[in-house]
Amino acid sequence: MASWGRPEDSRLIGKRVQRLSGADKVTGKAKYTFDINRPGMLYGHILRSPVAHATITHIDLSEAESLPGVKAAIPLIEPGKRVRFEGQEIAAVAAITDDIAREALRFIQFDYDELDYVVEMEDAKEAGAPQIRDDWKGNQSETQVDERGDIEAGFAEAAVEVEATYHTPVQTHVCLETHGHVAEWEGDNLTVWASTQAVFGTRQNLAQHFELPENQVRVITEHMGGGFGSKFGPGVEGVAAAKLARQAGAPVKLMLTRKDEHLASGNRPSMTQKVRAGAAQDGRFVAYDMSGYGTGGIGSGADFTGPYVYHVPNYRTEKSAVAINAGSARAMRAPGHPQGAFAMDSLMDELAEQLGMDPLEFRRINSDSDPRRNKIRQAEYTLGAQEIGWHRRNRVSGSGTGPKKRGIGMGCGLWGGGGWAGTQARVTIHPSGVVEAVTGTQDIGTGIRTVIAIIVAEELGLRPEDITVKIGDTAPGLSAYGSGGSQTIGSVAPVIKTAAMAAKRKLFGHIAPLVEADPGNLRAVGGRIRSESDLRMSIPWKEATGYLGMETISEGGEWDENLRVGDTAGVQFAEVEVDTETGLVKVIKIVAIQDCGLVVNRLTTESQINGAVIMGLGYALLEERIMDDQTGKMINANLGDYKVPGAMDIPEIKSIAYDTDRKITGIGEPPTIPTAGAIANAVYNAIGVRIRELPITPDKVLNALG
Amino acid sequence: MENFAYVNAAEVEQVPSLLGDDWNETKIIAGGTDLLGELKEYIETPKKVVNLKSIPGLNEIKADAAGLTIGALVTLSDIAAHPTIQHHYTVLAEAAESVASPQIRNAGTLGGNLCQRPRCWYYRSPDIICLKKGGDTCYAVEGLNKYHAIFGGGPVYIVHPSDTAPALIALGATVKIVGPNGERAMPLEDFFVLPDVNPQRENVLEPNEVLTEVHVPQPKAGTKSTYLKVRERASFDFALSSVAAHFEMNGGTCSKASIVLGGVAPIPWRSKEAEAALNGKRITDAVAKQAGEAAVANAEPMTDNGYKVPLTRNIISRATMSLA
Ligand SMILES: Cc1cc2nc3c(=O)[nH]c(=O)nc-3n(C[C@@H](O)[C@@H](O)[C@H](O)COP(=O)(O)OP(=O)(O)OC[C@H]3O[C@@H](n4cnc5c(N)ncnc54)[C@H](O)[C@@H]3O)c2cc1C
Ligand code: SF4
């Protein structure tokens, strides 16, 4: 049975290792899809619906096609079909420059019959609202009911009750690199550089679409500028790029604009939930009755978590989704969790206050039904309370003096992230000493490339930079999952580890007779191969691999379940300062403690936590898709009016990558879950007025303060 | 954006004839930080763009006993970093520093800042033709008006986005304008026009006129000033509300107050009420409060921007106390 060994024996695992691609990224050498330029390449753009709901009656591409410089034009919807949101694709063009392609969109003639639209959830639920989905009756999905225990008995036992309604907005992914592809045909072979979280998924999708065998499609993602769940397939734009390229007989780069990105490449659904909950005098959380819904635009799902993290024996929940004429939701960093966590952690504080109990104490009593997570969580509570200085919290919320009031709050999250069986990988040792690790995963910015190098280097006694990591390419045919669900490291690392072990075993077996040693006594350390039993036997790595002569060692690996673990617990604490005269909330500090199982690279793990906290902070204080009822449009589809945090908005973040095991787990998503709840609770602690709707902007704070 | 001819102006006198007399035909470009956004979004589709940066001498700051003369092409970063401005015209340095982000301040000019177009999200949406763009509806009235005007609105309800304008008005600045018939000068306060005068423009400029220079008289000894701006996002954002305060002081007494507000009206909004509450008064908490209250007594909030009333009241008081 493979294991990651003891901490004291690890040279690299758990240490801080610079990202292998770091220098390339900061010097601009790293080529993202946006940077790929092919000989004779054209530029593509997509014409999108300017209205929220209409039947397309006619599309005429001829005028656009005849514009000098335009090389291809294709429709993306058939006349007679409906467009159901502003931004839905109508047609695409490719031209010799980006500007000509954009300009050509204005020469596409299209007619449509406008239909009534609805962009507010409450209006969409009304009888007689315009029907958005053909597969639903009305605009609300069937209600999912979940029940446990005896809710009435629970409320009968309750000494205090809270009734509240919580809202979260639609958040868009705002990937720094927008969605896009460069597509190039060579006969019936298609090569696509894609900004994707899934090279193999994209290959499969394109192969199906163009009815090609999969080995005639190659997808490459060398570097990638963020996906957060929105980039698992080629999408309409990827297929359009390939179609345009085929029509034009030239490579086509088609990258979405920022506006396209906001309108049509996914989002986190909103949530509105009404909850009634009760706690017993001794602090037990005994009853939870929640009904809620959210909108995923024209998409079908808008699920969110609840009850969440904390144990409640009696509950009843009703959840549904409401369709509106807006771009569809997609998976977004911990789908469903940040919504649910904000509501749950707000509720926990409200209940604790009714009981006159410290909210941390209340959480301790009701913490997590999963025993592994509970143990970790209790330790995280203690550590986090110390780090933030929980004792400084206002005993009576809002009791601080002066116009600027400080407050402290907390929130929790949980996640899976243990990975899956099925990743294919090889570790190859060449006679020259070169070591290659190859697999079909992709580095979406999380640092998996460096993690792979660390694991192989640790096993072979080399440095991470000695390992050539080849990922983000379907050509070697070693398939891997899309990078989602925080499952990447848990899926990839065990296979890489066992492949490296197998390659090392083979190398030792090969050279042992030549150096007159027992293979079981050989060790790979410090760039050398040594014998445990014969201290004189110590040769440099390259001399050892030289003994391979013409032979190359290349070994696959197995997904060893014992090398990974799922079900992680995270806790965050926030300190804020609320300016009661301006309504501004300034976050002073976030302490983010994330159960990480075994930390492989502490540096990039902390980066993940930092990034997730910043995203959570944007969700708490700034971000919101705003739909205009009068026009059916998203009125803030840019980065001026859709506000993401910038450097000056980011507080001190104490990211604690908390080693809880010698097994690996993924944490790309979980640290974004608790942030908004922690900030909202801190705001309450500061001002003594509860804001139950995100984002917590100055207008809401001032209105609440009255 | 649509194709256009690009013309480098060689001297100021040439600009009016290069511009011609149709707003839709020709646009001036200075730093381009506002204009390029409009062109890319097809908000403006001029046939010709006249570059001012090719004109020598418009990017100088002169500070002497008569005051401050700032060319239209001086960048916001140069203003924010200028020691004399920081020291004697503090409100202007602080206002310039509060604009946007460092990159935009490095490119954006003072002339462009004063002449920039509104940020109303309906105006900035390419396919919404509102009153300001020659349509017949102001969508903000029935729509999403969180960022709109609480003073001076109607028939359009934009807020003037400039941060330097309130500061310069508080300082009593005048502007120089060159047109086909030569030069004219006027107080900056008179440069801006309310929408009931002209819903489609924000100032008195004719299509063939260019703003060339801003002059600020030397403040009297003992003057104090400050700019206080509240924005949702700290890193870069327009004002939800801002106040430029400039006080001539006589000991602890304010002999003459200038209070000009940003982000709350279609033009930089001088609050005569706040000034009256301050003039001749010793600055105390109570007086500062009264000034704030007086300023917002006649505010006319819309559905989503009522918060701007307490916000504006509070920052006037806070700015006042910071100068006490
Ligand atoms: C992301 C972002 C954030 C911003 N934040 C702020 C902010 O917080 N506060 C703020 O005040 N501004 C802000 N701005 C607006 C910013 O564009 C201006 O502050 C800048 O000063 C404009 O100067 P410019 O030289 O780039 O103008 P340009 O873009 O060149 O011109 C702006 C307009 O003025 C006209 N014009 C320019 N010069 C003259 C002249 N001399 N005579 C007559 N007309 C002229 C042009 O025709 C054009 O219509 C922001 C802009 C962006 C893009
Ligand atoms: S406020 Fe002005 S710019 Fe905005 S919608 Fe009304 S008329 Fe148009």
Side-chain angles (χ1 to χ4, degrees), chain A residues 48-51 86 98-100 102-103 105-106 257-259 403-404 579-587 617-618 621-624 626-651 695-706, chain B residues 1-3 37 40-42 45 100-102 104 119-130 137-147 161 228-242 292 301 304-319 321:
Chain A
R48 293 173 183 277
S49 172
V51 295
E86 181 209 6
D98 189 69
D99 285 335
I100 294 175
R102 281 177 200 251
E103 188 65 17
L105 299 182
R106 292 164 56 88
T257 66
R258 185 53 64 188
K259 185 173 178 181
K404 294 186 180 175
D579 187 333
T580 55
E581 292 179 348
T582 63
L584 278 175
V585 175
K586 185 174 170 199
V587 182
L617 182 145
L621 298 181
L622 293 166
E623 295 179 46
E624 175 174 20
I626 302 175
M627 298 301 298
D628 177 47
D629 192 31
Q630 291 174 102
T631 57
K633 289 173 182 297
M634 177 182 177
I635 202 71
N636 61 340
N638 56 60
L639 288 182
D641 296 320
Y642 184 100
K643 298 176 187 182
V644 293
M648 305 294 286
D649 299 277
I650 295 167
I696 304 174
T697 42
D699 56 327
K700 292 194 189 118
V701 173
L702 288 173
N703 291 339
L705 287 170
Chain B
M1 68 180 85
E2 262 176 24
N3 280 334
K40 286 184 174 174
E41 296 288 347
Y42 296 92
T45 49
S101 60
I104 290 171
R119 305 305 300 194
C120 168
W121 43 25
Y122 294 104
Y123 171 77
R124 296 271 165 174
S125 293
D127 25 53
I128 297 178
I129 307 300
C130 67
T137 318
C138 170
Y139 289 86
V141 175
E142 302 264 305
L144 300 160
N145 48 41
K146 171 180 172 187
Y147 299 114
L228 188 58
K229 170 178 176 181
V230 177
R231 52 194 140 177
E232 282 182 331
R233 167 173 47 194
S235 296
F236 70 93
D237 215 343
F238 290 90
L240 296 175
S241 178
S242 69
D304 302 339
N305 68 3
Y307 72 97
K308 284 194 179 187
V309 175
L311 172 59
T312 305
R313 178 192 68 205
N314 296 343
I315 63 171
I316 291 173
S317 310
R318 185 176 286 182
M321 283 315 292

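Below, read A as the first sequence line, B as the second, and so on, with proteins coming before strands; counting in each chain starts at 1. Fair warning: this is a prediction, and the values are worked out from it, not measured in the lab.
Between B:R233 and A:G640, the shortest heavy-atom distance links the atoms NH2-O, 3.3 Å. Across all their heavy atoms, B:S235 and A:A647 have their closest contact at OG-N, 3.2 Å. Here the closest heavy-atom approach between residue B:F236 and residue A:L639 is recorded as CZ-O, 4.1 Å. Minimum interatomic distance between A:D649 and B:A234 (heavy atoms only, all atoms of both residues): OD1-N, 2.7 Å. Nearest approach of B:N314 to A:E581, heavy atoms of both residues: ND2-O, 2.8 Å.
With sequence neighbours left out, B:V141 forms a side-chain contact (heavy atoms from CB on, under 4.5 Å) with B:C138, B:Y157.
Between chain A and the residues B:L144, B:D304, B:V230, B:L240, the largest count of heavy-atom pairs under 4.5 Å involves B:L144. Comparing A:K643, A:M648, A:K586 by heavy-atom pairs within less than 4.5 Å of chain B, the highest count is held by A:K643. Ranked by heavy-atom pairs under 4.5 Å with chain B, the first of A:D579, A:N636, A:D99, A:N638 is A:D579. Counting heavy-atom pairs closer than 4.5 Å to chain B, the top-ranked of the candidates A:V644, A:L705, A:N703 is A:V644. Each of A:L622, A:L621, A:T580 has some count of heavy-atom pairs under 4.5 Å with chain B, and the biggest count is that of A:L622.
Residues A:D628 and B:Y122 have side chains that bring a donor and an acceptor to within less than 3.5 angstrom of each other.
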- Message: If you apply the rule salt bridge (Lys or Arg N to Asp or Glu O under 4.0 Å), what do you find for B:D127 with A:K633, and how did you get there?
- Response: CA-CA 10 Å; B:D127 25 53; A:K633 289 173 182 297; 2.6 Å; yes

- Message: Determine whether A:I635 and B:Y139 satisfy the following criterion, side chain to side chain contact (heavy atoms under 4.5 Å, CB included), listing intermediate values before the conclusion.
- Response: CA-CA 11 Å; A:I635 202 71; B:Y139 289 86; over 6 Å; no

- Task: Assess whether salt bridge (Lys or Arg N to Asp or Glu O under 4.0 Å) is satisfied between B:E41 and A:K259, documenting all intermediate values.
- Result: CA-CA 10 Å; B:E41 296 288 347; A:K259 185 173 178 181; 5.1 Å; no

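Under a 3.5 Å cut-off, the side chain of B:E142 and the backbone N or O of A:Q630 do not form any donor-acceptor pair.
Inter-residue side-chain proximity for B:L311 and A:P698 is flagged as unmet; no heavy-atom pair is nearer than 4.5 Å.
The part of A:L584 that comes within reach of chain B is its side chain, from C-beta onward, which places non-hydrogen atoms under 4.5 angstrom from that chain. At a 4.5 Å heavy-atom cutoff, the contact between A:T582 and chain B is made by backbone and side-chain atoms alike. In this structure, chain A has a heavy atom under 4.5 Å from the side chain of B:D237, while its backbone stays farther away. Within the 4.5 angstrom heavy-atom criterion, only side-chain atoms of B:K146, from C-beta onward, approach chain A. For B:F238, no part lies under 4.5 angstrom from a heavy atom of chain A. Interface remark: A:M634 contributes no atoms to any contact with chain B (heavy atom separation under 4.5 Å). Interface remark: A:D699 contributes backbone and side-chain atoms alike to the contact with chain B (heavy atom separation under 4.5 Å). The part of A:P403 that comes within reach of chain B is its side chain, from C-beta onward, which places non-hydrogen atoms under 4.5 angstrom from that chain. Heavy atoms closer than 4.5 Å to chain A are found in the backbone of B:R231, but not in its side chain.
More than 12 heavy atoms of other residues, nucleotides or ligands lie within 6.0 Å of CD in B:E2, so this atom counts as buried by the packing criterion.
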